[in-house]
Amino acid sequence: MKVNLKAIADSLNLSISTVSKALNNSHEISTVTKKRVIAKAKEHNYQANPLARALRNNKSYTIAIVFPEIDNNFFSLIIKGVENVAHNKKYNILIYPTNESYKREKSSLALLGNGRVDGVMISLSSETKETSHIEALIKENTPIVLFDRVNDKIQLPKVVTDDYESAFKATKYLLDGDCRRIAFLSFSNHLSTNKLRVIGYRDAYLKTNILPDPGLVISCGNNDQKNKETILNLLKFNRPDAIVASVEKLIAPCYDSCKKLNIKIPDDIKLIGYSNSQIAEFLNPSLSTIVQPAFEMGKEAASILFKLIDKKYRKPEPQSVVLSSEIFIRDSTTAM
């Protein structure tokens, strides 16, 4: 027989409200009462009715994450961080990968309005240049947090990593190791992350009083085949002595192109890239990486979102949380 809140309440001589609060770990209920209620619920294998809970509290108990790539280790770890917080809040998560498409991003957000979810986390696609679709959600008073790829013109909470500092440190490390012609493989020139990383790369040159070759800032994009051709042509006709890859998807084409042209890493060219993949240390040679705190970013962004949902903030504050990345030096940048 299916047991409901009323049956549990009657068996313990408690009110339905008390039982509900105990099961939701409310601070209003004593530890002793919580233990009694939880024990009785387990005894009868009680399962909460999420729809009834949502209707009772005028909430969907669901949040959405809109992000560029589902097969990217960085975003996978972010989702794990979000799930860590959402699980404790008894919330469900809807995920909307955009595959770097502005149209998919826009259509995804259009589905999430009118209270369908209680809050949204967004990381912009590489094609996103205007933000009217986000402004539309803001006008509906939907709690929103931007993460990683953000637009500074939107007055919303943002959680990002130290894109400038990490690119600066990686480039400076290569310059200090006597590299002089360092190529920077950029990705979508209008993205906030890319802009800051390019500035960090150029400022590292300025710091060491070495003139960079402007032809070594290479624009890549979401077309994998074009990226392969671009990197192969770079190594054929304007070979640098080191490469900084600004996103994870540009690393494999670098290894592949070097193999095709019989260019040895790190003897002929050094390579460092942004990557949260555990495979990096098992590549041949192992890859030096700039590792962003993806899991922590997910937790931080979700925590801010739930504060907005719980109305601990009266209105969204345009705060920015900046998390530090780490650089792991491996064989791809050191003499073997």
Side-chain angles (χ1 to χ4, degrees), residues 1-67 75-96 111-122 137 140-145 147 156-157 159 293-317 319 321 323:
M1 183 179 72
K2 189 174 181 180
V3 175
N4 57 22
L5 285 179
K6 186 177 184 304
I8 295 174
D10 289 345
S11 67
L12 295 172
N13 197 26
L14 296 171
S15 69
I16 293 175
S17 174
T18 298
V19 170
S20 176
K21 289 178 180 179
L23 290 173
N24 285 286
N25 197 28
S26 171
H27 67 276
E28 300 176 36
I29 308 301
S30 70
T31 302
V32 172
T33 300
K34 286 178 185 176
K35 287 182 177 179
R36 289 179 61 208
V37 171
I38 291 170
K40 183 62 69 172
K42 286 182 177 179
E43 178 185 334
H44 293 286
N45 194 28
Y46 169 75
Q47 299 292 324
N49 184 333
L51 180 58
R53 179 182 176 221
L55 291 172
R56 185 169 60 249
N57 295 295
N58 194 29
K59 289 183 177 181
S60 69
Y61 289 93
T62 302
I63 61 172
I65 310 174
V66 181
F67 62 103
F75 289 111
S76 297
L77 288 170
I78 285 177
I79 292 171
K80 286 185 179 180
V82 175
E83 196 279 333
N84 181 272
V85 177
H87 176 77
N88 291 332
K89 288 281 189 178
K90 295 183 171 61
Y91 261 72
N92 298 310
I93 301 173
L94 298 177
I95 61 172
Y96 290 85
L111 294 172
L112 300 176
N114 298 317
R116 290 182 178 86
V117 294
D118 295 338
V120 182
M121 294 173 53
I122 308 169
L137 273 187
E140 292 183 11
N141 295 316
T142 302
I144 302 171
V145 175
F147 67 96
L156 288 172
V159 181
F295 183 81
E296 291 75 13
M297 176 180 279
K299 287 183 64 177
E300 183 67 28
S303 297
I304 294 172
L305 184 64
F306 280 114
K307 286 179 182 178
L308 292 172
I309 292 170
D310 295 340
K311 296 183 179 177
K312 291 180 181 178
Y313 296 150
R314 290 190 177 181
K315 62 179 181 179
E317 299 176 1
Q319 67 182 78
V321 176
L323 304 176

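Rounded to the nearest 0.5 Å, atoms CG (Leu94) and CG (Leu112) are 7.5 Å apart. The OG atom of Ser76 lies 8.5 Å from the CD1 atom of Ile95; values are rounded to the nearest 0.5 Å.
A donor-acceptor pair is defined here as one N or O able to donate and one able to accept, closer than 3.5 Å; such a pair exists between the side chain of Asp118 and the backbone of Tyr61.
Contact detail for Ala86 and Ile63: the closest heavy-atom pair is CB-CD1, 4.5 Å. Closest non-hydrogen pair, Met121 versus Ala301, comes out as CE-CB, 3.4 Å. Closest of all the heavy-atom pairs between Ile304 and Gln319 is CD1-NE2, 3.5 Å. Closest heavy-atom contact between Leu156 and Ile144: CD1-CG2, 3.7 Å.
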Show me the donor-acceptor pairs, under 3.5 Å and distance only, between side chains in residues 8-15 and residues at least two apart or in other chains.
unit_1 : atom_1 : unit_2 : atom_2 : d
Asp10  : OD2    : Lys6   : NZ     : 3.0
Ser11  : OG     : Ala7   : O      : 3.4
Ser11  : OG     : Ile8   : O      : 2.8
Ser15  : OG     : Thr18  : N      : 3.0
Ser15  : OG     : Thr18  : OG1    : 2.8

When you look at Lys40 and Glu43, which way does the salt bridge (charged side-chain N to carboxylate O under 4.0 Å, His left out) test go after all the steps?
CA-CA 5 Å; Lys40 183 62 69 172; Glu43 178 185 334; 3.5 Å; yes
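Ring geometry for Phe75 versus Phe147: interplanar angle over 60°, hence perpendicular rather than tilted (30 to 60°).
Classification of Glu296 and Lys299 as a salt-bridged pair fails, no side-chain N sitting under 4.0 Å from a carboxylate O.
Among Val85, Ile309, Val117, the single residue meeting the side-chain contact (heavy atoms from CB on, under 4.5 Å) criterion with Tyr91 is Ile309.
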